[in-house]
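To start, the structure itself, in structure tokens.
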Amino acid sequence: MHNLLFPFIAFAVSASVAAVVLIWLLTLCHKRGLYDLPSARKVHQSGVPRLGGVVFVPAMLIGGAAALFSMQLADVPFPTSLHPSFAALCVGGLLLYFIGVVDDLFTVSAQIKFAVQILVAVSFPVCGLYIDSLYGFLGIYALPVPIAWVLTTFILLLIINAVNLIDGIDGLAGSLALVALGLFSYNFFHLGHELLLVLCASLSGAVATFLAFNLFGSVERKTKTFMGDSGSLLLGVALGYLVVLYAQQHSTILPVHTNGLVVAYSALLVPCLDLCRVALCRMRRRQPIFKADKTHLHHKLLAAGLTMPRTLCVALLMQGFFMALNLLLHHMSVPMEWIVLADVAIYALINIVLPVSEKR
């Protein structure tokens with residue numbers, strides 16, 4: 001019972017705090033005229049506050065603290081010392097969160113944001129959290145430390161930017177994050193790690209409340225909001241932390257688990273594949289990688305005639321399909337090389353069929 005009680009407390013408190021803070025924040029945004037205005041590369045037609053992601057940090061902190069306090073009252077043991085990488089997550093997450101807030105209010109150049117992302121990403125392997133094995137993928141098991149550090153930094157940058165750039169229509173980034181958090185929560189539950197389960201639950205509660213305002217809020221009633229970079233960057237680094245943590249084979253945090261690579265690889269497959277495809281296409285056209293355009297998956301689905309709600313559903317179904325397929329193939333002992341090949345082939349086929357929404 002305790003295994004589910006404390007994550008539930010974290011989720012419920014975080015969701016409630018997020019609702020209270022969002023109501024206050026929306027009132028402030030409308031008073032001060034803090035809106036995300038329509039433009040040629042955006043799909044919304046009216047000014048909408050884009051500081052919804054600001055609620056994530058206070059909601060997570062209060063929700064997590066409530067769960068830990070409840071655990072203490074119930075005499076449930078939990079570690080008195082934490083892995084140094086958790087400090088990197090807290091400091092790095094807050095740094096990207098504040099950079100995101102500044103960007104949402106005043107705009108920060110892509111180069112500055114990327115430089116901060118590199119700094120945050122490097123801090124994880126420095127603190128002892130890095131992908132140390134490929135579990136036999138391409139015949140590779142243990143990785144030399146320098147290569148492990150470089151690979152981990154690249155993966156973290158990929159995830160942070162993938163979550164940030166997939167946030168182009170209502171609910172997409174938040175919903176994909178909830179799916180990934182659900183996958184990790186399920187595995188942390190079975191591994192018996194309550195603290196990580198509480199972390200996932202507290203973040204999920206904040207994201208769930210944001211999605212309620214984002215998807216079902218009304219511009220006319222002034223109850224609609226966007227996530228903004230403050231939320232997407234925080235989500236990216238938090239999910240990146242969970243991916244690397246779960247993929248680390250010789251971990252001092254988690255007990256031994258054999259599905260480390262396939263779960264970590266599958267958790268955010270759609271946004272990561274989308275970012276890789278878009279970046280390669282921009283390089284092929286000799287355009288800057290950071291140049292904004294309308295060639296992401298959600299833009300192509302909209303160009304195919306789908307509405308925003310249907311585009312959201314299709315993207316979520318794609319993510320769910322890849323996760324289920326990969327876990328099933330792994331359970332059937334299919335080599336990881338064939339799983340990756342199948343994923344790339346299916347994703348490439350989908351994008352070949354979809355129309356191009358913008359050539360430049």
Side-chain angles (χ1 to χ4, degrees), residues 1-15 56 59-61 63-72 74 76-90 92-93 124 127-133 135 152 155-156 159 163 174-208 234-269 319-320 323-324 326-327 330-331:
M1 177 180 176
H2 283 172
N3 284 335
L4 292 177
L5 173 62
F6 302 116
F8 175 78
I9 292 173
F11 181 92
V13 173
S14 177
F56 290 172
M60 280 182 64
L61 290 176
L68 294 179
F69 180 69
S70 301
M71 291 171 68
Q72 189 175 35
V76 175
F78 56 87
T80 55
S81 61
L82 297 173
H83 193 270
S85 64
F86 188 75
L89 170 64
C90 294
F124 284 86
C127 291
L129 187 71
Y130 51 86
I131 300 172
D132 57 353
S133 173
Y135 294 75
T152 299
I155 294 296
L156 286 165
I159 292 172
V163 174
S175 298
L176 288 170
L178 273 186
V179 171
L181 288 168
L183 177 64
F184 285 120
S185 296
Y186 175 82
N187 285 280
F188 291 148
F189 173 76
H190 283 280
L191 291 175
H193 203 297
E194 279 194 304
L195 281 182
L196 288 172
L197 196 53
V198 165
L199 172 65
C200 290
S202 59
L203 181 53
S204 296
V207 174
L234 178 68
L235 275 182
V237 71
L239 291 169
Y241 170 80
L242 295 175
V243 165
V244 175
L245 172 66
Y246 203 83
Q248 189 174 32
Q249 187 174 50
H250 300 95
S251 174
T252 58
I253 304 175
L254 292 175
V256 176
H257 50 289
T258 59
N259 62 351
L261 184 61
V262 69
V263 169
Y265 160 78
S266 303
L268 293 162
L269 190 59
Q319 178 62 41
M323 284 170 52
N326 294 350
L327 294 174
H330 175 75
H331 182 71

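Remember, it's a predicted structure, so these values are computed and weren't measured experimentally.
Under a 3.5 Å cut-off, the side chain of Y241 and the backbone N or O of S85 do not form any donor-acceptor pair. Within the 3.5 Å criterion, the main-chain N or O of S202 finds a donor-acceptor partner in the side chain of S14. For the pair D132 (side chain) and Q248 (backbone), a donor-acceptor distance under 3.5 Å is absent.
The two residues H193 and L254 come nearest to each other via the heavy atoms CD2-CD2, 3.9 Å. Closest heavy-atom contact between G93 and L234: O-CD1, 3.7 Å. Shortest non-hydrogen contact noted between L176 and L268 is O-CD2, 4.4 Å. In terms of heavy atoms, F6 sits closest to A74 at CZ-CB, 3.9 Å.
Aromatic ring orientation, Y246 versus H257: tilted (interplanar angle from 30° to 60°).
Between L269 and N326 the shortest side-chain heavy-atom distance falls below 4.5 Å. F188 places none of its side-chain heavy atoms less than 4.5 Å from the side chain of L195. At least one side-chain heavy atom of L196 sits under 4.5 Å from a side-chain heavy atom of L245. V244 has its side chain out of reach of I159: every pair of non-hydrogen atoms, C-beta onward, lies at least 4.5 Å apart.
We find the OH-OG1 distance between Y130 and T152 to be 8.5 Å, quoted to the nearest 0.5 Å.
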Item to check | Candidate pair L327 and L183, rule side-chain contact (heavy atoms from CB on, under 4.5 Å), full reasoning | outcome: CA-CA 11 Å; L327 294 174; L183 177 64; 4.1 Å; yes
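Sparse packing is recorded around NE2 of H331, with 12 or fewer heavy atoms of other residues, nucleotides or ligands lying under 6.0 Å away.
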